[in-house]
Amino acid sequence: MRASEAAVCIVGGGAMGGAIARGLVASGTCPASHVTVCDHNDAKLEALASDCAVSTARDAARALAASPDVVVVAVKPQVLSSLLEEVGPAVAGSLAVSIAAGTPLGSIEEQLGEGARVVRVMPNLPVAVRRGASAVARGLWATDDDVALVCELFGALGSVAVMREDQLDAEGAVIGCAPAYFALMVDALTRAGVDAGLPAAAARDLACATMGGVSEMLSDSGEHPRAYMEKVTSPGGTTAAALRVLEPALVEGCYGAVDAALERTRALSRKG
């Protein structure tokens with residue numbers, strides 16, 4: 001089955017669920033008439049219906065009774081188990097795609113029953129503008145065609161990598177959280193620029209443009225980031241002086257941030 005032919009039901013219309021819905025429709029991957037979003041929040045549903053003309057429903061069980069081809073479960077990890085207890089039987093026969101951090105495939109498969117086709121995906125928020133990054137791991141009964149369909153759906157929203165499930169927590173801590181890391185970098189540079197005398201709007205816009213340009217250049221060239229840094233760093237120059245201050249703090253902060261995210265993921269997993 002091609003993604004354009006699949007009926008997709010997204011349970012959870014929050015930031016990530018809404019981003020997936022908007023991205024699938026905006027990319028032309030799925031017709032709006034093939035996408036349904038379920039949520040208890042009327043304001044979120046109204047915004048989605050207005051933005052991309054998808055179908056909406058407050059009652060997930062009723063929407064799932066239509067037996068969609070793909071069910072994307074886009075709820076918080078803390079409520080995933082109770083949701084599956086409520087709608088699990090209705091998911092039978094559909095391909096279940098979970099984006100919940102810290103909830104293993106085995107746990108979801110146990111709740112859905114033997115033979116349940118489950119794929120875990122760890123996407124990040126830029127899927128909304130089709131510049132996201134998603135890691136995909138297959139469950140015990142998911143088929144090659146299932147994985148291919150999920151890769152097509154999320155590939156339309158950015159980059160996709162298939163990996164082992166035991167790598168997903170690390171991917172989430174590094175890449176899933178990365179949009180916030182990068183936004184923090186833009187914010188910090190903007191504030192530093194303002195203190196140095198720049199207009200706030202100009203500092204922010206130029207920092208965003210530079211980050212996007214560097215990302216595109218690195219992606220297109222496949223060049224190692226260190227090699228790129230050498231190109232823009234003259235010995236004894238201003239960038240070299242700046243990096244001597246920034247690099248130790250940034251590297252230490254990145255390692256600490258990933259460790260903290262992993263620990264929180266493990267805590268959520270234990271609670272689940």
Side-chain angles (χ1 to χ4, degrees), residues 1-77 79-80 83-84 86-101 117-136 142 145-160 176 179-180 183 208 212:
M1 175 181 291
R2 301 287 299 175
S4 59
E5 303 167 340
V8 179
C9 182
I10 301 171
V11 182
M16 188 59 73
I20 293 169
R22 290 181 175 92
L24 288 176
V25 174
S27 67
T29 304
C30 295
S33 59
H34 288 197
V35 180
T36 301
V37 180
C38 306
D39 201 283
H40 293 302
N41 188 307
D42 289 333
K44 292 177 181 177
L45 296 181
E46 289 170 5
L48 281 164
S50 174
D51 290 347
C52 53
V54 296
S55 300
T56 62
R58 296 190 85 255
D59 188 340
R62 180 174 296 179
L64 292 172
S67 300
D69 300 300
V70 181
V71 178
V72 179
V73 184
V75 299
K76 290 181 172 59
V79 301
L80 177 60
L83 173 72
L84 293 179
E86 177 186 349
V87 304
V91 180
S94 299
L95 169 60
V97 179
S98 170
I99 65 169
R117 295 151 49 226
V118 184
V119 173
R120 277 187 68 191
V121 181
M122 291 297 296
N124 59 17
L125 195 53
V127 295
V129 293
R130 307 192 298 282
R131 296 286 298 274
S134 302
V136 174
D145 287 344
D146 291 334
V147 174
L149 176 57
V150 171
C151 287
E152 185 181 357
L153 289 168
F154 284 86
L157 310 179
S159 298
V160 174
C208 287

- Could you walk me through whether C30 and L153 pass side chain to side chain contact (heavy atoms under 4.5 Å, CB included), step by step? CA-CA 8 Å; C30 295; L153 289 168; 3.6 Å; yes
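- Between P179 and P126 there is a side-chain heavy-atom pair separated by less than 4.5 Å.
- Distance check, rounded to the nearest 0.5 Å: CE of M1 to CG of L149 gives 7.5 Å.
- For the pair N124 (side chain) and G176 (backbone), a donor-acceptor distance under 3.5 Å is absent.
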- List the steps, then state whether side chain to side chain contact (heavy atoms under 4.5 Å, CB included) holds for C9 with C38. CA-CA 7 Å; C9 182; C38 306; 3.6 Å; yes
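- Shown here for A19 and L125, the closest heavy-atom pair between the two residues is CB-CD1, 3.9 Å.
- Residues R58 and D42 are paired through a salt bridge, judged by an N-O separation under 4.0 Å between the basic side chain and the carboxylate.
- Contact detail for A26 and R130: the closest heavy-atom pair is CB-NH1, 3.3 Å.
- When the salt bridge (charged side-chain N to carboxylate O under 4.0 Å, His left out) test is applied to D59, no partner is found at least two apart in sequence or on another chain.
- Annotation for D39 and G13: closest pair OD2-N, 2.7 Å, computed over non-hydrogen atoms.
- With hydrogens and angles ignored, the 3.5 Å screen pairs a side-chain donor or acceptor of H34 with a backbone N or O of S4.
- Residues that satisfy the side chain to side chain donor-acceptor pair (under 3.5 Å) test with T29, not counting sequence neighbours, are S27.
- Taking each heavy atom of L80 and A100 in turn, the nearest pair found is CD2-CB, 3.7 Å.
- At least one donor-acceptor pair under 3.5 Å links the side chain of E5 to the backbone N or O of R2.
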- Item | side chain to side chain contact (heavy atoms under 4.5 Å, CB included) between M122 and I99, intermediate numbers included | CA-CA 5 Å; M122 291 297 296; I99 65 169; 5.9 Å; no
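- Closest approach of A57 to A63, counting heavy atoms only: CB-CB, 4.1 Å.
- Of the listed residues (L95, V72, V70), just one forms a side-chain contact (heavy atoms from CB on, under 4.5 Å) with V150, and that residue is L95.
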- Chi angles and distances behind the side chain to side chain contact (heavy atoms under 4.5 Å, CB included) call for M16, V127: CA-CA 8 Å; M16 188 59 73; V127 295; 4.0 Å; yes
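- Separating the OG1 atom in T56 from the CG atom in N41 is a distance of 11.5 Å, to the nearest 0.5 Å.
- When each of V118, I10, L64 is paired with V71, the side-chain contact (heavy atoms from CB on, under 4.5 Å) condition holds for L64 and for no other.
- Here the OG1-CG distance, from T36 to L48, works out to 11.5 Å after rounding to the nearest 0.5 Å.
- Partners of R22 under the side chain to side chain donor-acceptor pair (under 3.5 Å) rule, at least two apart in sequence or in another chain, are D51.
- V37 pairs with exactly one of V8, L45, I20, V11 by the side-chain contact (heavy atoms from CB on, under 4.5 Å) rule, that one being L45.
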